[in-house]
Amino acid sequence: MNDAFADRLLAWYDQHGRHDLPWHHDRNAYRVWVSEIMLQQTQVTTVIPYFEAFMQRFPTVRDLAEAPEDDVLSHWSGLGYYARARNLHKAARQVVQEHGGEFPDDQEILETLTGIGRSTAAAIIAQAFNKRAAILDGNVKRVLARYHAVPGWPGKTSVLQELWQHAEAHTPTGRVRDYTQAIMDLGAMVCTRTRPACGDCPLQTDCLARQRDELTLYPGSKPRKAKPEKTTWMLILEDTEGRILLERRPPSGIWGGLWSLPEIDPAHGIDELQEACDRTLGLSCAEPELISGFRHTFSHYHLHIRPARLTVTGDATVADSGRLRWFFRDKALTLGLPAPIRSLITEPEQTALL
DNA sequence: AAGGCGGGGTT
DNA sequence: AACCCAGCCTT
């Protein structure tokens, strides 16, 4: 494109951009990649402590490839979208086995790695290798939708395609690493979702939304839908030695691959929990102690969690098989646990008050 | 083409 | 309480 978009952006970036994020140090493709995956749908301030701990534990792609999946998931615990962690682990093994432990500097090849899509591949190409590639993350979508007054919700395919065209057109051939960081920084620091600081924006003179005084129209908002409400019993089962029974979730779906508490269909009443434990888990238990419930919200539904504590009186070893395992509390807390389950195991009563 | 997939921060 | 966030994958 022949306008001054990239030049103005780069001049602004030199003065005001973020040059000191953790993944900007010791920059290599591995660190860039991990940061990009963590940053998918996750804010920078949330990611930083996870990134530091992850790099301490898995300094290289080989360390990651050789690690047990449980170890990877435990370092992801609380970050959400756990398929990212499983895909990251799988891709690390792909890099080692198919590319000799070196990240390919080709966008198409990067996109063959599990969990790397068009934008993330481009970010790695630009940030790690400083080669030309166009990214389109949430920040860039917002900047471009406003600059070009692109109507509609970016989740819609046609809108997304239009934004990709603008993204490709603006991406310069020189200083791509800086440009990529610059346009994300502008979206995060100036062209913010609410109350953008248009007076500080290097693109303000040519921004169509600004010219029309229609900042709030772009990008178009997602059509809203009511989230369904679901309910489940969650059992805190303790044996006579103080261990807790955990159940590994199926590899896909909600909390895939994580350790959680055994669940019972909410159709059962409190008075049926003992019998349900006996029938489904083979465990004889004392009277359940009810803990007040709470609601956990996912991106697409609400889950009412009704926790109950039961002490196992009979033989506990029968349940220690397949996906079910007994853990001492301290050990359990080192596992990959969903955030509300971690909270429930740590402070059951406090969690219930939330 | 649309929906599944978390958890936290912001308003 | 609703919305968004350095998106990708499956259906």
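Naming: A, B, ... by sequence-line order, numbering from 1 per chain.
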Does a side-chain N-to-carboxylate-O contact under 4.0 Å join Glu272(A) and Arg279(A)?
->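 So Glu272(A) does not pair with Arg279(A) through a salt bridge.
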Phosphate contact ([N] OP1 or OP2) by [X] side-chain N/O below 4.0 Å:
X         : N      : result
His300(A) : dG4(B) : no
Arg224(A) : dC3(C) : yes
Tyr301(A) : dG4(B) : no
Trp76(A)  : dG7(B) : no
His296(A) : dG6(B) : no
Gln43(A)  : dG9(B) : no
Thr120(A) : dG7(C) : no

Rounded to whole angstrom units, what separation is found between the [atom1] atom of [X] and the [atom2] atom of [N]?
X         : N      : atom1 : atom2 : result
Gln41(A)  : dC4(C) : CD    : P     : 11 Å
Ile37(A)  : dC5(B) : CD1   : C1'   : 14 Å
Leu79(A)  : dG8(B) : CG    : C1'   : 10 Å
Arg193(A) : dC5(C) : CZ    : P     : 7 Å
Lys222(A) : dC5(C) : NZ    : P     : 11 Å
Ile254(A) : dG6(B) : CD1   : P     : 5 Å

Scan Ile135(A) against the nucleic acid and name what it touches under 4.0 Å (heavy atoms): base, sugar-phosphate only, or nothing.
-> nothing
Would you state whether a donor and an acceptor, one from the side chain of Thr42(A) and one from the base of dG6(B), lie under 3.5 Å apart?
-> yes
Considering heavy-atom distances to DNA chain B, does Arg195(A) or Arg84(A) have its closest nucleotide positioned more toward the 5' end?
->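 Residue closer to the 5' terminus by nearest nucleotide: Arg84(A).
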Only one of Asp14(A), Asn130(A), Thr180(A) passes side chain to side chain donor-acceptor pair (under 3.5 Å) with Arg175(A); say which it is.
-> Asp14(A)
